[in-house]
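Worksheet: one structure, shown below.
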Amino acid sequence: MSTNIQTPATAPATAAPAAVRTRFAPSPTGFFHIGSARTALFNWLYARHTGGTFILRIEDTDTVRNSEEYLRVIYESLRWLGMDWDEGPGDAGGSFGPYKQSERTAIYHEYLAKLQAAGRTYEKDGAVWFRLEGERFTARETYKEADGTKLDRVVEKVKAAPVVIHDLIRGDVTRAEDRDFVLVRANGEPGFHFVNVVDDITMAVTHVIRGEDHLSNTSKHIELYNAFGATPPTFAHIPLILKNDGKGKMSKRDKGALIEEYQTRHFLPDAVRNFLCLLGWTPTDGREILPIADIIAQFDLRDVHQGNARFDERKMSHFNQQYLRDLPADVFNAKARQILRDAGLTDNADVAAAADAYVAAVLDLIREKLRGLEDLAPMSAYFFNEDFPRDAKTLETLQKKGDPAARVRQLLPALEALPDWDDASLDAVIGGLATAENVKLNEFFAPLRFAVSGLNGGPHLHAILRLLGRERALARMRTFAATPPTPPSA
RNA sequence: GUCCCCUUCGUCUAGGCCGGCCUAGGACAUCUGGUUUUCAUCCAGGUAACUGGGGUUCGAAUCCCCAAGGGGGCGCCA
């Protein structure tokens, strides 16, 4: 039975090593997962580090699940993270195209014919299968379904010779494939393992960098390379990202798993990218936060870790905060204004009238208080609207200590009588009253802050009062002063 | 069931290839104190880890073996 295709000798390394070609091959599913982003990133980094080529290939064979619309998610996510590709679909260029699997049918036919000619295929249930070489036998096994249910079944197995996977991260892994697998599905579409290998051969990919979940499947791929008489590429199976709590790898259903979430929460893409780099790799110079150019210079696959990593959003927030702090003023202002516009805060007619200078002043006050841009709108809403949100917990805390409205009532007459609305005058009134009452300054500051901002923190109170302007600030205080006293708690 | 990969503070990790410099270092988180009218920042300090058992060795986080635990594959998903 065995029609032997010559097993390729391991790369007869002639002359100079071929230029590195890596690829990222996502399936357009409508989601862009953190794990996918990190895989793309490592491929991109390695290509950039070596001066090689980074290829974007779209694995859209499973047509029922894929749609044009979903492609945009991939493009946008990659661009947001600052990854550019040298070859890919559309006008990206490259002479190894097409770069969408749905357009490569002719190539798959051609390669399937090679396998058929070599007698390595057979049909069963309408699908085309790859025939492993070796003694056949049947075995009973317990198989776990995707939903977790277990079932016993009898399967035909093959005693195939083990193959060795040369992996830059795992070392040499020996594994024997023990079952034939589908090349072309009954519906005529080629299957993942088949197209993946054909594409990597025809696109001259030199380094396959992907998640460790593919490590076991790699023996299938090597069987195919051998059957085609092709030299397998160098593999690098990177560790998986585990969910923050609970068991297993992060999946798209897990909280915080989608890149899109961090976009909408206004995380800075450079911070997210920097953090992703550290999930499974450590810079050699000891820094954690460093410019992408320095990461590219230091990145090497042999330094990638073997153990899986757990995703910790708190640490990423810290990165985000550091990047935010270092953002140039003009960049910050542009981003911040966009966020305020999108939140509908600057649409307000009054604000529009006050215009630019006012918004600039608000941003000036708020910036140093920000931990992330996602806090910008909630922390500055009271500068733009009268119906800003009042934080219930803060009010509750204040009321536990006394009657905040009463405090504001105490201050109000003196503030209303103030000839000048400046720091010194405000200080005199508030400080004077605190001294007279023999209480801490904050006994007055906190209720007043709540009255005008609805919050328990933020910029210096005087700065808020001055920026709001005398009349607006006083109006808010009067409203709050009229608040009924704390109901006697049960 | 079976095969493959992995195992240092709560989390991300340094160190391991070339055993002694490790009474195991850093970062995030957390706790304490200081600065700040508040909040955020910032500063100082603290708690906290080599999965277990054997072996090799004068000496093991580092080398070997076993176990346990974790992760993944075994799909006409990718």
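Side-chain atoms are counted along with the backbone in the values below, which use heavy atoms only and exclude waters and symmetry mates. The structure presented is a predicted model; accordingly, all values stated were derived computationally and were not measured. Every chain is numbered from 1 and lettered A, B, ... according to where its sequence line falls, protein lines coming before strand lines.
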Could you state the CZ-P distance from A/Arg325 to B/rC42, rounded to the nearest angstrom?
7 Å

Taking atom P of B/rC42 as reference, at what distance in whole Å does atom CG of A/Asp326 sit?
11 Å

Which part of the nucleic acid, if any, lies within contact of A/Thr174, taking any heavy atom under 4.0 Å across all strands shown: a base, the sugar-phosphate backbone alone, or nothing?
sugar-phosphate

Any idea how A/His207 and A/Tyr46 line up, ring-wise: parallel (<30°), tilted (30 to 60°), or perpendicular (>60°)?
tilted

Under 4.0 angstrom, heavy atoms only, what part of the nucleic acid is A/Asn244 near: base, sugar-phosphate, or nothing?
nothing

Nucleotide of B/rA29, B/rA78, B/rC5 approaching A/Arg185 most closely (side-chain heavy atoms)
B/rA78

B/rC5 to B/rC64 separation - P atoms, rounded to the nearest Å
14 Å

Minimum heavy-atom distance between A/Tyr111 and A/Phe228, given as atom pair plus value:
O-CE2, 3.3 Å

Think A/Arg314 has a side-chain N or O under 4.0 angstrom from the OP1 or OP2 of B/rU30?
no

If you look at every strand shown and take non-hydrogen atoms under 4.0 Å, does A/Gly280 touch a base, only sugar-phosphate, or nothing?
sugar-phosphate

Among A/Lys249, A/Arg310, A/Lys247, A/Lys243, salt bridge (Lys or Arg N to Asp or Glu O under 4.0 Å) partner for A/Asp254
A/Lys243

Which part of the nucleic acid, if any, lies within contact of A/Ala309, taking any heavy atom under 4.0 Å across all strands shown: a base, the sugar-phosphate backbone alone, or nothing?
sugar-phosphate

Could you tell me how far apart A/Lys220 (NZ) and B/rA78 (C1') are, to the nearest whole angstrom?
12 Å

Ignoring hydrogens and angles, does a donor from either the side chain of A/His460 or the base of B/rU37 sit under 3.5 Å from an acceptor on the other?
yes

Let me know the distance between CG of A/Asp375 and P of B/rC39, rounded to the nearest Å.
16 Å

Using the P atom on both, measure B/rU57 against B/rA14 and round to a whole Å.
31 Å

Which of B/rA27, B/rC76, B/rA78 is nearest the side chain of A/Val182? It is B/rC76

Can you check the distance between B/rC3 and B/rG46, where both ends of the measurement are the C1' atom (answer in whole Å)?
47 Å

Would a line drawn from the ring center of A/Trp44 to the ring center of A/Phe24 be shorter than 6.0 Å?
no

Regarding A/Leu240, tell me which of base, sugar-phosphate or nothing describes its non-hydrogen contacts under 4.0 Å with the strands shown.
sugar-phosphate

Between B/rA29 and B/rU11, how far apart are the two P atoms, rounded to whole Å?
16 Å

Spacing between A/Phe319 atom CZ and B/rC12 atom P, to the nearest angstrom:
13 Å

In whole Å, what separates the C1' atom of B/rU7 from that of B/rG15?
16 Å

Could you state the atom-to-atom distance from CG of A/Asn456 to P of B/rU38 in whole Å?
12 Å

Whole-Å distance, A/Asp285 CG to B/rU13 P, equals 17 Å

Would you indicate what A/His193 reaches in the nucleic acid, counting non-hydrogen atoms under 4.0 angstrom: base, sugar-phosphate, or nothing?
base

Given B/rU13, is OP1 or OP2 found less than 4.0 Å from the side-chain N or O atoms of A/Thr282?
no

Let's see if you can work this out: which of B/rU41, B/rG71, B/rA27 has an atom nearest to the side-chain heavy atoms of A/Lys247?
B/rG71

Is A/Lys249 touching bases, backbone alone, or none of the nucleic acid, heavy atoms closer than 4.0 Å?
sugar-phosphate

Quick note, A/His318 side chain, CB onward, closest among B/rG72, B/rG75, B/rA27 is B/rA27

Any idea how A/Phe235 and A/Tyr225 line up, ring-wise: parallel (<30°), tilted (30 to 60°), or perpendicular (>60°)?
perpendicular

Determine the contact category for A/Gln321: base if any of its heavy atoms lies under 4.0 Å from a base atom, sugar-phosphate if only primed atoms, P, OP1 or OP2 are that close, otherwise nothing.
sugar-phosphate

Side chain of A/Leu215 only, please: which of B/rU13, B/rG26, B/rC4 is the nearest?
B/rC4

Before you tell me yes or no, could you show the steps for A/Val272 and A/Phe319 under side-chain contact (heavy atoms from CB on, under 4.5 Å), namely the whole-Å CA-CA distance, both residues' side-chain angles and the distance that decides it to 0.1 Å?
CA-CA 8 Å; A/Val272 174; A/Phe319 276 49; over 6 Å; no

By the 4.0 Å heavy-atom rule, please label A/Lys124 as base, sugar-phosphate, or nothing.
base

Mind checking A/Gly248 for me? I need base, sugar-phosphate or nothing, with any heavy atom below 4.0 Å counting as a touch.
sugar-phosphate

Rounded to the nearest Å, what distance is computed from the CG atom of residue A/Asn274 to the P atom of nucleotide B/rC12?
17 Å

Would you tell me if any nitrogen or oxygen in the side chain of A/Arg175 comes within less than 4.0 Å of OP1 or OP2 on B/rU2?
no

Is it the case that over 12 heavy atoms from other parts of the model lie below 6.0 angstrom from the CD atom of A/Glu374?
yes

Please confirm whether any donor atom in the side chain of A/Arg310 sits under 3.5 Å from an acceptor in the base of B/rU11, or the reverse.
no

Roughly how many Å apart are B/rC21 and B/rA61, using the C1' atom of each and rounding to a whole number?
15 Å

Under 4.0 angstrom, heavy atoms only, what part of the nucleic acid is A/Gly307 near: base, sugar-phosphate, or nothing?
sugar-phosphate

Just checking A/His237 against A/His214, ring centres under 6.0 Å apart?
no

Any A/Gln306 side-chain nitrogen or oxygen under 4.0 Å from OP1 or OP2 of B/rC5:
no

Please determine, for the side chain of A/Arg170, which listed nucleotide (B/rC5, B/rC28, B/rU38) has the closest atom?
B/rC5

Output the single nucleotide from B/rC76, B/rA27, B/rC74 whose closest atom is nearest the side chain of A/Asn217.
B/rC74

Quote, to the nearest angstrom, the C1' distance that separates B/rG19 from B/rU62.
6 Å

Of the listed nucleotides (B/rU37, B/rG72, B/rG71), which one gets closest to any side-chain atom of A/Asn308?
B/rG71

For A/Pro459, answer base if it contacts any base atom (sugar-phosphate contacts may also be present), sugar-phosphate if it contacts only those atoms, and nothing otherwise; contact means non-hydrogen atoms under 4.0 Å.
base

